[in-house]
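Structure, as structure tokens:
Each chain gets a letter, A, B and so on, in the order its sequence line appears, and its residues count up from 1.
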Protein chains: 2
Amino acid sequence: MKRITIRDVSVRAGVSTAAVSYVLNGREGKVSPETVARVRRAAEELNYIPDLSARSLVNNKSKLIGVVIPQTEDQKQLLLQNPFYSELICGIEARLRQSGYHMILSGIEKGEGYLDTSMQRNLDGAIITGIYQESFYEDLKKVRMPIVLVDSYIYDSYFHVVGIDDELGGYMATKHLIDNGHTNIALVTGMIRKDGVVEKRFLGYKRALKEAELFYNPDHVFEHSVTYQFGQEAGKLIAAKCPEITAAFATSDLMAMGVIQGIRDEGKEVPEHVSVVGFDDISIARLCTPPLTTIKQDAVSRGIMAADRLLTAIEKSKEGLPQEPTIMPLSLIDRDTVLKLT
Amino acid sequence: MKRITIRDVSVRAGVSTAAVSYVLNGREGKVSPETVARVRRAAEELNYIPDLSARSLVNNKSKLIGVVIPQTEDQKQLLLQNPFYSELICGIEARLRQSGYHMILSGIEKGEGYLDTSMQRNLDGAIITGIYQESFYEDLKKVRMPIVLVDSYIYDSYFHVVGIDDELGGYMATKHLIDNGHTNIALVTGMIRKDGVVEKRFLGYKRALKEAELFYNPDHVFEHSVTYQFGQEAGKLIAAKCPEITAAFATSDLMAMGVIQGIRDEGKEVPEHVSVVGFDDISIARLCTPPLTTIKQDAVSRGIMAADRLLTAIEKSKEGLPQEPTIMPLSLIDRDTVLKLT
DNA sequence: CTCGTAAGGTTAAACGTTTAATCAAAGCGA
DNA sequence: TCGCTTTGATTAAACGTTTAACCTTACGAG
């Protein structure tokens, strides 16, 4: 009923608690082979399980990583409905577990109060996704723990960054449409915020247009929230009101699927009337009908990479500044939603 | 740089650490109003943040909840690709946060070692989803913390249960098809394990058939894993090899979407050639084409409910046995994948 | 005036670890 | 034999809380 403590192990092995601690932490240089064996056996027999709270108290290592993902504005619920985040989490969790760490998953209220959490829990590090106000990042720095930012263009050398080349992605998507003969290409996107990922994709979109000497028409930009619902609205508008538009680039697969539905709602077809390219390559992208042409970024790998960088930063604890951002590869997955014109 | 401790607060307020502790924990009966004020102010000014590890050490309350979800067999990755779990997590997290708890999300290796985690971390409780071998549950009981089981038919009064009436769900789905004139109805399902949720749905399926005096044909049961891929395979088989089958009930939306794709792969259409009913009503169910007819269970609500029950069990800590299982409601969402025959 | 009690504080032990400092014994070169 | 180093172990302090037990002082009742 009572907890088995290191003291119990020590008396059973007939040594001091210090010796037990040394053995259990692998500082075996300090202790003779036979004692090691005795302690090991005692711990085994008693089924000893260390108390991480106590450990954390003395050496400030909790083996706990904070993971923050965005949440819906209204409901205060995590944005896991977007498979991109689900997959990211999968990657993170797998990598952390492998090294004996655990993950505390949470959203945050308007960018506030997370340093409370991290201090209370003695977090060893954190992986942050989403964009928040500047003050939030300033707060984070105060805590002095390694932090990996995913999907963020905060150019602050304090933070580790695991990202993709969003500008390139936007360019690739748009270029693909242009290469297939499209000249009036809509952009369907979430809010374009300074230094946000969608802004970069937007810039890539414009670069592709410019390079092909196509006119950039602001009226062809549909900007609102990253939801299926808005995609659908935009799709309807495109199909109903903009006959000149023959293709759309949606900055997220979720929106792209909405766009397709919206176009259909108006009695038109994809890709016959309007071609669509998405972004992310979430797992359902190839499952929906027609299978979505999209820019693939491997969210699971990104999660693994983010966790990996965080862990090495923690274990080294060089206190040296983070290296270069890690940029994960992108590729165009050409499925069935783009029609070749001419 | 150094951590602000309760001692710092105490000296600034000019009282003992005990007084500070009393104030901060709301045992204000023990302390005069003016002292309360002084302590509050001192804590405020110093921006004091308590160390939960220390607290946990002394009173065995970590404000930490373990959440376990299944993982893929091969990759050791969480099964978050199934939106049902994502939504469940959203609900759980929202409710926990509201009460100042945090969630440790993880998968488990072949049902082993979770009691280690829970002991190490001093978990206050856990929410377990998925089905594991019996020994796992026996282990869990040893830890003596409140536990909520989601999607489980372990009839052990030690555990809290938040479930749905799976048998009824299976019945409703099948009945709906029968009511629309279908008589040869396939079942596409994950492994049917004793006392698992799919078994119940299977039983509901059989009950509906029996009630309508239809012949139960084991050859019409396609049983394997709960994946899109298997659904697709089953769909192909149905379309290609079983001309008599006019409808299918898939025990999960993910599979149902696979079935639809498989049927299409063979050049047939849904619902014209084969009708399909799914289960779960995951968020994409109404987004895919055609929108999926399915049995709706609200995963988010279930998450909230599970967390809620767990929290009350923790706070009361009556040590009394859990009450009745909570059964969440189901409803049939009639969309476009069922054809009315005759 | 004395005693009992209540109110408001404080002291110090306890929770389960880690680890610097210390100690004892043994080995060894001179 | 003497001092020095090495090896292997122990002691005790520290980490930041909570809380039972104890201590004052003041206040009434008797």
Side-chain angles (χ1 to χ4, degrees), chain A residues 1-40 42-43 46-64 100 116 118-124, chain B residues 1-40 42-43 46-64 100 116 118-124:
Chain A
M1 198 68 264
K2 263 196 69 56
R3 175 171 202 122
I4 304 294
T5 148
I6 204 175
R7 161 131 274 120
D8 300 323
V9 178
S10 78
V11 317
R12 174 170 256 253
V15 296
S16 71
T17 65
V20 176
S21 178
Y22 288 139
V23 171
L24 265 33
N25 294 337
R27 306 209 188 323
E28 299 187 10
K30 314 278 289 178
V31 54
S32 76
E34 47 194 331
T35 313
V36 168
R38 274 222 307 287
V39 169
R40 282 261 157 67
L46 292 176
N47 194 12
Y48 167 72
I49 297 172
D51 182 324
L52 296 192
S53 300
R55 194 173 282 177
S56 158
L57 190 58
V58 39
N59 64 8
N60 281 321
K61 262 102 188 67
S62 60
K63 293 256 171 185
L64 233 34
D116 280 28
S118 89
M119 296 247 63
Q120 289 178 192
R121 303 272 183 207
N122 270 310
L123 297 186
D124 289 346
Chain B
M1 198 67 265
K2 265 198 66 55
R3 177 172 200 121
I4 304 294
T5 149
I6 204 174
R7 160 132 275 121
D8 300 323
V9 178
S10 78
V11 318
R12 174 170 258 254
V15 296
S16 71
T17 65
V20 175
S21 179
Y22 288 139
V23 171
L24 266 32
N25 293 337
R27 307 209 187 320
E28 299 188 9
K30 312 280 291 176
V31 54
S32 76
E34 49 193 331
T35 313
V36 169
R38 274 223 305 288
V39 169
R40 282 259 156 68
L46 292 175
N47 194 11
Y48 167 72
I49 297 172
D51 182 324
L52 296 191
S53 300
R55 194 173 283 177
S56 158
L57 191 57
V58 38
N59 64 9
N60 280 321
K61 260 104 189 66
S62 60
K63 293 255 170 188
L64 233 33
D116 280 27
S118 89
M119 296 247 62
Q120 289 178 192
R121 304 273 183 206
N122 270 310
L123 298 186
D124 289 346

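Under the 4.5 Å side-chain criterion, counting only non-hydrogen atoms from C-beta, R3(A) is in contact with M119(B). Two residues are said to be in side-chain contact when any heavy atoms from C-beta on lie closer than 4.5 Å; D51(A) and L57(B) meet this criterion. Inter-residue side-chain proximity for Y48(A) and V20(A) is flagged as unmet; no heavy-atom pair is nearer than 4.5 Å. Between R121(A) and L64(B), some side-chain heavy-atom pair lies under the 4.5 Å cut-off.
Within 4.0 Å of S16(A), counting heavy atoms only, lies at least one base atom of the nucleic acid. At a threshold of 4.0 angstrom between heavy atoms, the contacts of T35(A) are confined to the sugar-phosphate backbone, with no base atom among them.
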Can you check each nucleotide of nucleotides 12-20 of chain C against protein heavy atoms at under 4.0 Å and return B for base, S for sugar-phosphate only, - for none, in 5' to 3' order?
---BBBSBB
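Note that the two end axes of the helix from dC1(C)-dG30(D) to dA30(C)-dT1(D) enclose an angle of 60°, each drawn from 5 base pairs, rounded to 10 degrees.
Atoms OG and CD, from S62(A) and Q120(A) in turn, are 12.5 Å apart once rounded to the nearest 0.5 Å.
Partner of V39(A) under the side chain to side chain contact (heavy atoms under 4.5 Å, CB included) criterion, chosen from L24(A), I6(A), V31(A): L24(A).
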Given I4(B) and R12(B), is the side chain to side chain contact (heavy atoms under 4.5 Å, CB included) satisfied, shown in steps?
CA-CA 11 Å; I4(B) 304 294; R12(B) 174 170 258 254; over 6 Å; no
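Using a distance-only test at 3.5 Å, with no hydrogens or angles considered, a donor-acceptor pair links the side chain of S16(A) to the main chain of A19(A).
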